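Keep in mind it's a predicted model, so treat the numbers as computed, not measured. Convention: sequence-line order gives letters A, B, ...; per-chain numbering from 1.
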There are 4 protein chains.
Amino acid sequence: MLDAAVRVFSRHGYHGASMDEVAERAGISKPMVYAYLGTKEELFIACLHREATRMMEAIAGAAVPDLPADERLWHGLRAFFGFVGAHRDGWAVLYRQARAERAFADELAGMRARIVEVVVGMLDHALRAEGREVAETELEVVAYALVGATESLGDWLADHPEADPEKTATRMMNVAWLGAGQLLHGVTWHPPER
Amino acid sequence: MLDAAVRVFSRHGYHGASMDEVAERAGISKPMVYAYLGTKEELFIACLHREATRMMEAIAGAAVPDLPADERLWHGLRAFFGFVGAHRDGWAVLYRQARAERAFADELAGMRARIVEVVVGMLDHALRAEGREVAETELEVVAYALVGATESLGDWLADHPEADPEKTATRMMNVAWLGAGQLLHGVTWHPPER
Amino acid sequence: MLDAAVRVFSRHGYHGASMDEVAERAGISKPMVYAYLGTKEELFIACLHREATRMMEAIAGAAVPDLPADERLWHGLRAFFGFVGAHRDGWAVLYRQARAERAFADELAGMRARIVEVVVGMLDHALRAEGREVAETELEVVAYALVGATESLGDWLADHPEADPEKTATRMMNVAWLGAGQLLHGVTWHPPER
Amino acid sequence: MLDAAVRVFSRHGYHGASMDEVAERAGISKPMVYAYLGTKEELFIACLHREATRMMEAIAGAAVPDLPADERLWHGLRAFFGFVGAHRDGWAVLYRQARAERAFADELAGMRARIVEVVVGMLDHALRAEGREVAETELEVVAYALVGATESLGDWLADHPEADPEKTATRMMNVAWLGAGQLLHGVTWHPPER
DNA sequence: CATGAATGAGTCTTCATTCAT
DNA sequence: TATGAATGAAGACTCATTCAT
């Protein structure tokens with residue numbers, strides 16, 4: 001039943017979607033939709049939740065903690081793009097929709113916070129292995145940027161059905177790792193003197 | 001009058017905004033809003049357009065072509081984050097809103113295409129200077145990732161009024177340049193053999 | 001089971017009450033409610049009926065015919081206010097609800113007619129004892145007024161949990177009897193000449 | 001426009017009435033109804049208010065304070081029944097409807113409180129003229145009973161289009177005044193010793 | 001016998017959009 | 001030109017009522 005909702009939301013957007021259509025597509029009557037999942041808002045949150053959970057599981061299952069940092073990142077990215085590629089419909093739109101409505105900000109923020117946290121952990125771990133240490137906030141911003149870049153490519157992927165998820169993951173890995181790799185080695189960039 | 005619209009759209013989102021409120025905030029009557037800017041959709045596009053133009057101008061004005069690649073990127077980023085910091089209200093929300101509605105996809109795609117194109121040019125130019133060459137598509141994806149990361153941090157900045165735009169720009173530069181720098185030197189990453 | 005219904009109706013009103021709540025409060029399933037008592041309307045009528053019957057019985061049991069008129073009235077009133085005081089919840093609301101819906105008008109009219117008839121009989125009996133006689137319609141209107149006043153005080157009592165039913169009965173008796181008493185003695189009032 | 005609403009509410013009751021019908025009967029479109037009078041609830045309150053005001057004015061205009069108590073009462077009653085007779089449709093139903101819904105209790109209570117207050121004042125004035133004095137609460141209850149009886153006859157009148165308002169007023173006056181008259185003279189009734 | 005599950009029908013309410021002034 | 005007034009259309013949500021189990 002959530003499948004139907006996800007499809008409808010992804011086709012017409014949160015506001016464009018009508019509960020009538022959700023019900024119809026799900027093959028049940030409107031009151032049932034309300035009985036099972038409550039309000040339109042709650043329904044959307046449920047969708048968001050399920051997709052987020054699935055995605056997180058896909059990633060977590062791939063990026064197991066005992067791999068070296070680069071491989072872990074790589075597997076994580078591959079899982080992510082693989083997921084988006086397979087759920088083009090669902091993910092990108094839920095993501096875009098969720099960003100637009102204040103009401104879902106929390107849900108979304110939580111979801112992203114979990115990912116950022118993982119990435120921060122990954123970076124921190126790798127840094128310590130190099131005998132270096134960086135303030136948490138710094139790492140967070142870097143992680144945020146990486147996640148953002150990844151989401152962005154995910155969005156791009158969702159819009160390009162012909163694109164290959166694996167290849168996209170490789171490209172992202174290049175950008176992310178070579179950048180992160182340099183940072184890990186203590187190379188940093190500074191604004192030029194004025 | 002667009003100012004009023006931007007404010008209203010940014011407060012309540014595209015759908016949450018009512019033409020009544022736009023008119024009231026603009027101090028004119030609703031039929032005038034329609035006379036001057038047409039449909040709600042057109043109005044929103046007009047807002048989007050203006051903000052995009054302003055932003056592009058701010059960036060273009062800072063990232064002049066005759067600077068070396070890294071400085072050019074740096075000034076561009078600084079201009080971008082400066083703009084977002086100064087228009088927190090407007091930018092992030094217009095951006096988020098625009099992503100949510102299919103109707104604005106084109107507008108948005110165009111706006112982003114222009115930026116990606118610039119970044120691609122920048123990378124290409126720098127590569128040639130190094131005597132190297134890379135397929136356009138490859139560059140595009142990298143550029144896309146960089147732009148995505150930047151937008152993402154822009155979003156983050158818009159949500160953190162206390163954050164410093166300049167510092168954010170520096171962080172982004174680190175992620176972007178050190179990664180891009182490596183790429184420019186021909187270093188690339190490959191998926192591990194299975 | 002009716003108890004549950006009465007409670008629900010009295011809390012939320014006829015329209016505000018949902019069959020779901022009735023069923024839940026009664027501890028049975030909705031189809032059973034329908035099986036035993038039919039439609040919501042019929043259910044309400046059943047409630048009305050039971051409450052009316054109980055009340056009539058309480059009054060009839062107290063106002064036995066072989067008492068002198070004033071004592072009979074007094075005992076009737078006392079029984080009435082006693083009943084309302086003890087069933088504050090049920091009575092007043094059923095009464096108010098029933099008045100609002102055309103569908104229950106008949107039921108209610110019947111119930112009141114029975115009381116009015118009793119009062120008319122009482123007055124008539126007393127009048128005849130005084131050797132006087134008055135047109136039936138006249139008596140009916142007087143009876144109607146008395147009943148109305150009584151119902152009204154009943155309502156008031158239902159809204160004032162701290163008030164004493166017995167005292168209220170006494171007050172009503174004062175109004176009713178002194179008025180009725182005068183009438184019984186042939187004293188009547190006429191509109192002033194213009 | 002309120003006329004239309006009153007008519008619809010009186011025909012179908014508060015719940016049975018649909019805003020569609022109100023709009024249609026008023027000859028305007030639904031959004032206009034909402035623009036002018038807001039919510040269904042507010043609309044009903046507006047009706048209630050207007051009818052109450054009109055009625056109070058009718059009564060106040062007739063029962064001028066400088067008349068002797070009985071004449072004042074008489075004129076008040078006549079005005080009341082005259083009003084109800086002329087607005088059968090409106091009054092009775094508004095009154096019945098208003099009683100049924102908790103939401104209107106306040107409005108109604110206020111309206112009745114004003115009347116009771118007037119009657120209390122009238123009784124008090126008359127009592128003092130007789131050199132007697134009675135606790136306010138006592139008077140209030142008596143007044144309440146009188147008002148209730150009157151409302152009740154009003155209801156009866158509303159249901160009997162063929163009945164004569166003037167005659168009804170006379171009857172009510174008989175009940176009210178002879179009763180009140182006795183009370184004024186200090187005659188009271190006491191429960192029999194057990 | 002009892003019920004969980006299902007629904008058709010209908011309500012209030014809102015808003016983008018446009019005449020007539 | 002500018003607007004106050006008006007509306008068609010649509011959507012979320014609820015509930016009395018009934019099968020199939």
Side-chain angles (χ1 to χ4, degrees), chain A residues 1 5 8 12-24 26-44, chain B residues 1 5 8 12 14-24 26-44 103, chain C residues 1 5 8 12-24 26-44 103, chain D residues 1 8 12-24 26-44:
Chain A
M1 166 156 43
V8 173
H12 306 295
Y14 175 66
H15 282 100
S18 83
M19 295 299 268
D20 277 287
E21 193 179 347
V22 171
E24 192 186 3
I28 59 179
S29 74
K30 228 187 327 176
M32 280 300 95
V33 177
Y34 279 90
Y36 286 137
L37 296 164
T39 284
K40 188 184 187 182
E41 193 174 313
E42 289 166 344
L43 171 58
F44 187 83
Chain B
M1 166 156 49
V8 173
H12 306 296
Y14 175 65
H15 281 100
S18 82
M19 295 298 268
D20 277 287
E21 193 178 348
V22 170
E24 191 187 3
I28 60 179
S29 77
K30 235 185 323 174
M32 281 301 96
V33 176
Y34 279 88
Y36 287 139
L37 295 164
T39 284
K40 190 185 188 182
E41 194 175 312
E42 290 165 343
L43 171 59
F44 187 82
Chain C
M1 165 154 49
V8 173
H12 306 294
Y14 175 65
H15 282 100
S18 82
M19 294 298 268
D20 277 286
E21 193 178 348
V22 171
E24 191 187 4
I28 60 179
S29 76
K30 235 184 325 172
M32 282 300 96
V33 177
Y34 279 88
Y36 287 137
L37 295 164
T39 285
K40 188 184 189 185
E41 193 174 312
E42 289 166 345
L43 171 58
F44 188 84
Chain D
M1 167 156 43
V8 173
H12 305 296
Y14 175 66
H15 282 101
S18 83
M19 294 299 267
D20 276 290
E21 193 178 348
V22 171
E24 193 184 3
I28 60 179
S29 73
K30 232 188 322 177
M32 279 300 95
V33 177
Y34 278 89
Y36 287 136
L37 295 165
T39 285
K40 189 183 188 183
E41 194 175 314
E42 289 167 345
L43 171 58
F44 187 83

Trainee: Go ahead and name the base partner of F/dA10; Watson-Crick or wobble counts if both distances stay under 3.5 Å, otherwise write none.
Mentor: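 Its partner is E/dT13 (Watson-Crick or G-U wobble, both distances under 3.5 Å).
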Trainee: Looking at every non-hydrogen atom in both residues, tell me the closest pair between A/L43 and A/A5 and how far apart they are.
Mentor: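 Result for this residue pair: CD1-CB, 3.8 Å.
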Trainee: Might you point out which heavy atoms bring C/H15 and C/K40 nearest each other, and give the distance in Å?
Mentor: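 Smallest interatomic distance, heavy atoms only, reads O-NZ, 3.6 Å.
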Trainee: What's the shortest heavy-atom distance between C/S29 and C/A23, and which atoms?
Mentor: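 Closest approach of C/S29 to C/A23, heavy atoms only: C-CB, 4.0 Å.
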Trainee: For A/E21, does the CD atom have more than 12 heavy-atom neighbours from other residues, nucleotides or ligands under 6.0 Å away?
Mentor: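 More than 12 within 6.0 Å, yes.
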Trainee: Would you say A/Y36 reaches E/dA6's phosphate, i.e. side-chain N/O to OP1/OP2 under 4.0 Å?
Mentor: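 Yes.
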Trainee: How long is the line joining CD1 of B/I28 and C1' of F/dG4, in whole Å?
Mentor: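 Atom-to-atom, B/I28 to F/dG4, this comes out as 15 Å.
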Trainee: Which heavy atom of D/H12 sits nearest to which heavy atom of D/A17, and what is that distance?
Mentor: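 D/H12 and D/A17 have their closest heavy atoms at CB-N, 3.7 Å.
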Trainee: I need the A/K30 NZ to A/E24 CD distance, nearest 0.5 Å.
Mentor: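 Rounded to the nearest 0.5 Å, the NZ-CD separation comes out at 11.5 Å.
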Trainee: Taking the nucleotide of DNA chain F with the closest heavy atom to each, which residue, C/T39 or B/G27, is nearer the 5' end?
Mentor: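 Checking each residue's closest nucleotide, the 5'-ward one belongs to B/G27.
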Trainee: Please report the distance, rounded to the nearest Å, between NZ in A/K40 and C1' in E/dT14.
Mentor: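 Rounding to the nearest Å, NZ of A/K40 and C1' of E/dT14 are 13 Å apart.
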Trainee: Using a cut-off of under 3.5 Å, enumerate the N/O to N/O pairs linking the protein to nucleotides 18-21 of chain E.
Mentor:
none

Trainee: Rounding to a whole Å, what distance do you find between A/L37:CG and E/dA5:P?
Mentor: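 In whole Å, E/dA5 P and A/L37 CG are 14 Å from each other.
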Trainee: What is the distance from CD of B/E41 to C1' of E/dA16, rounded to the nearest Å?
Mentor: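 In whole Å, E/dA16 C1' lies 12 Å from B/E41 CD.
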Trainee: Distance from D/M32 atom CE to D/L37 atom CG, nearest 0.5 Å?
Mentor: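 The CE atom of D/M32 sits 11.0 Å away from the CG atom of D/L37.
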Trainee: Rounding to a whole Å, what distance do you find between C/H12:NE2 and F/dT14:P?
Mentor: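 From C/H12 NE2 to F/dT14 P: 15 Å.
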Trainee: Can you tell me if A/T39 uses its side chain to pair, donor with acceptor, with the backbone of A/E42 under 3.5 Å?
Mentor: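 The answer is no, because no donor-acceptor pair under 3.5 Å joins these two groups.
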Trainee: Could you state the atom-to-atom distance from CE of D/M1 to C1' of F/dA6 in whole Å?
Mentor: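 Value for this atom pair: 12 Å.
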Trainee: Of the residues in residues 13-24 of chain C, which ones touch DNA chain F at a heavy-atom distance under 4.0 Å?
Mentor: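 Those residues whose heavy atoms fall under 4.0 Å from DNA chain F, taken from residues 13-24 of chain C in numerical order, are C/A17, C/S18, C/M19.
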Trainee: Considering Watson-Crick and G-U wobble pairs with both distances under 3.5 Å, what does E/dA20 pair with?
Mentor: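 With both distances under 3.5 Å, E/dA20 matches F/dT3.
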Trainee: Checking contacts here: which listed nucleotide (E/dC12, E/dT17, E/dA5) is nearest the side-chain heavy atoms of A/M32?
Mentor: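 Closest nucleotide to the A/M32 side chain: E/dA5.
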